[in-house]
Amino acid sequence: MTEATIERLRLFLIESPIKMARLQGVGNVKGTVKRVLIELTSSDGVIGWGEAAPWEVFTGTPEAAFAALDIYLRPIVTGKPVRRIRALMAELDRALVGHAEAKVAIEMALLDIVGKSSGLSVADLLGGRVRDTIPLSFSIADPDFSADLERMRKMVPDGNIIYKVKTGVKPHREDLDHLAAIRKEFGDKVDLRVDYNQALAPFGAIKILRDVEEFAPTFIEQPVPRKYLDVMAQLTAALETPVLADESCFDRRDMMEVVRCEAADAVSIKLMKAGGLFEAQAIMAIADIAGLPGYGGTLWEGGIGLAAGTQLIAATSGISLGCEFYMPHHVLTEDVLEERVANRAGHVVVPDGPGLGIRVSEASVRANARVIAEA
């Protein structure tokens, strides 16, 4: 029996309008977000989709991911056996430094094809489900805090109880007022988290964070810049509240350093950082050994990338702190899926179908595409 190979690769650089601006410690987004979609077609006619969603202040640019896929990775991928995913990913790593988002997009699409061909979900391919739903966290990041508070008034009765407040962008006093307003209105009904996205300088950080602890957050995410791992360790030791590492941990080597330095109590697992679903599971395996739970983080992925993240978390027991896969339902004005991945009672529902479990609307892809590369 002839082994199926990759016959065609199509790329779409898309730009999607968003409903509101988003303020983050490391950078802000307003108007639109750009992403790269990849469509792979196998020699037996099965199509798989992947997504690269870089952010220029975090990992890179969409334009660079598009070029990496089109110029450097396309010649390697074309003609390769569909099922030999690990071997291909290793070859991509040897051929091109960095560009984790471009590489994970290829891996997503390959897993989508293999899953569809075999009748298995990507979660099945990653070892099988340990959960069918994932608690959903919504980020409080609108420049207009009153608008976010109004969203909470609508979302909490529907079962959405996890909220991560983006802090460090506005004055500290204003951050405290926002946390106080949330606790005053919703009390302990909500699971409150805070995320500085590296916004604090090491000097004085402990005083600021002790003020924040008064509002009993579940964790404090990445308070200081990535380069200050020793300060992360000091804060982790000094605070009662668990510290979660995000920008401090991109890959397995980073995870080992975080564990060695005792620089966090938990870790954010993001496909766009890890560069692959298998790599994300490997990072989480190190965290598991050290007793650090994982959280399903994102950059600006749409439905394809978040479907892959959902399948990953469904098959990875250690990622137990929920996920922030809210973009398609709450931020994007339009996504590229025929039907969005379901949210129910404050949880993301893991798709049941084969592969990623989604159907992509090519009409929506083309309507949002700014650049297309076909071969």
For residues [X] and [Y], determine if any side-chain heavy atom of one lies less than 4.5 Å from a side-chain heavy atom of the other.
X: Tyr163; Y: Val156; answer: yes
X: Asp251; Y: Glu279; answer: yes
X: Leu332; Y: Val33; answer: yes
X: Leu239; Y: Ile206; answer: yes
X: Tyr326; Y: Ser137; answer: no
X: Gln222; Y: Asn197; answer: no
X: Leu40; Y: Ile47; answer: no
X: Met155; Y: His330; answer: yes

Does Phe278 have Arg86 sitting over its ring (NZ/CZ under 6.0 Å from centre, angle to axis within 45°)?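 Yes.
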So, [X] side chain and [Y] main chain: donor-acceptor pair closer than 3.5 Å or not?
X: His178; Y: Leu176; value: no
X: Lys273; Y: Thr298; value: no
X: Lys116; Y: Gly357; value: no
X: Asp93; Y: Ala90; value: no
X: Glu51; Y: Gly302; value: yes

Should [X] and [Y] be counted in the same cluster of Ile, Leu, Val, Met, Phe, Trp and Tyr side chains packed under 4.5 Å apart?
X: Phe250; Y: Met272; result: yes
X: Val243; Y: Leu192; result: yes
X: Val331; Y: Phe325; result: yes
X: Leu244; Y: Ile140; result: no
X: Leu321; Y: Met284; result: no

[atom1]/[X]: more than 12 non-hydrogen atoms of other groups inside 6.0 Å:
X: Glu339; atom1: CD; value: no
X: Lys19; atom1: NZ; value: yes
X: Arg370; atom1: CZ; value: yes

State which residues pass salt bridge (charged side-chain N to carboxylate O under 4.0 Å, His left out) with Asp352; sequence neighbours excluded, sorted by chain then number.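 Salt bridge (charged side-chain N to carboxylate O under 4.0 Å, His left out) list for Asp352, sorted by chain: Arg129.
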Residues forming a salt bridge (charged side-chain N to carboxylate O under 4.0 Å, His left out) with Arg226, sequence neighbours excluded: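 Listed in chain order: Asp254.
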Basic-acidic side-chain contact under 4.0 Å: [X], [Y]:
X: Asp158; Y: Lys154; result: no
X: Glu174; Y: Lys166; result: no
X: Arg153; Y: Glu185; result: yes
X: Arg35; Y: Glu301; result: no
X: Glu362; Y: Arg366; result: yes
X: Glu221; Y: Arg193; result: no
X: Arg210; Y: Glu240; result: no
X: Asp211; Y: Arg173; result: no

Just how far is it from atom [atom1] of [X] to atom [atom2] of [Y], taken to the nearest 0.5 Å?
X: Lys184; Y: Asp177; atom1: NZ; atom2: CG; result: 11.0 Å
X: Ile134; Y: Ser320; atom1: CD1; atom2: OG; result: 11.5 Å
X: Gln234; Y: Met232; atom1: CD; atom2: CE; result: 11.5 Å
X: Thr5; Y: Asp44; atom1: OG1; atom2: CG; result: 8.5 Å
X: Leu312; Y: Lys270; atom1: CG; atom2: NZ; result: 14.0 Å

Scan the side chains in residues 60-76 for donor-acceptor partners under 3.5 Å anywhere in the protein, sequence neighbours excluded, and list what turns up.
| residue | atom | partner | partner atom | Å |
| --- | --- | --- | --- | --- |
| Thr61 | OG1 | Ala64 | N | 3.0 |
| Glu63 | OE2 | Lys34 | NZ | 2.9 |
| Asp70 | OD1 | Arg74 | NE | 3.0 |
| Asp70 | OD1 | Arg74 | NH2 | 2.8 |
| Arg74 | NH1 | Leu9 | O | 2.7 |

Heavy-atom closest contact ([X] atom, [Y] atom, distance):
X: Asp288; Y: Gly318; answer: OD1-CA, 3.5 Å
X: Ala315; Y: Val130; answer: C-CG2, 4.3 Å
X: Arg10; Y: Glu39; answer: NE-OE1, 2.6 Å
X: Asn368; Y: Pro17; answer: OD1-CD, 4.2 Å
X: Gly309; Y: Leu271; answer: N-CD1, 3.7 Å
X: Phe12; Y: Ile372; answer: CD2-CG1, 3.7 Å

Determine whether the side chains of [X] and [Y] contain a donor N or O and an acceptor N or O closer than 3.5 Å.
X: Ser16; Y: Glu334; answer: no
X: Thr236; Y: Glu262; answer: no
X: Ser361; Y: Glu338; answer: no
X: Thr32; Y: Glu15; answer: yes
X: Asp175; Y: Thr167; answer: no

The single option from Glu3, Glu107, Glu91 passing salt bridge (charged side-chain N to carboxylate O under 4.0 Å, His left out) against Arg84: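 That would be Glu3.
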What do the steps show when you test Trp300 against Arg22 for side-chain contact (heavy atoms from CB on, under 4.5 Å), and what is the final call? CA-CA 11 Å; Trp300 305 109; Arg22 313 296 288 161; 3.7 Å; yes
Yes or no on side-chain hydrogen bond (donor to acceptor under 3.5 Å, both in side chains) for Thr41 and Glu7, after CA distance, side-chain angles and deciding distance? CA-CA 6 Å; Thr41 304; Glu7 190 170 82; over 6 Å; no
Given Leu37 and Leu11, is the side-chain contact (heavy atoms from CB on, under 4.5 Å) satisfied, shown in steps? CA-CA 6 Å; Leu37 306 184; Leu11 297 172; over 6 Å; no
Ile313 vs Arg131, test: side-chain contact (heavy atoms from CB on, under 4.5 Å). Steps then yes/no. CA-CA 8 Å; Ile313 297 173; Arg131 56 178 66 86; 3.7 Å; yes
Carefully, step by step, assess Phe219 and Tyr295 under the rule ring pair (Phe, Tyr, Trp, His ring centres under 6.0 Å). CA-CA 11 Å; Phe219 60 68; Tyr295 171 70; 5.5 Å; yes
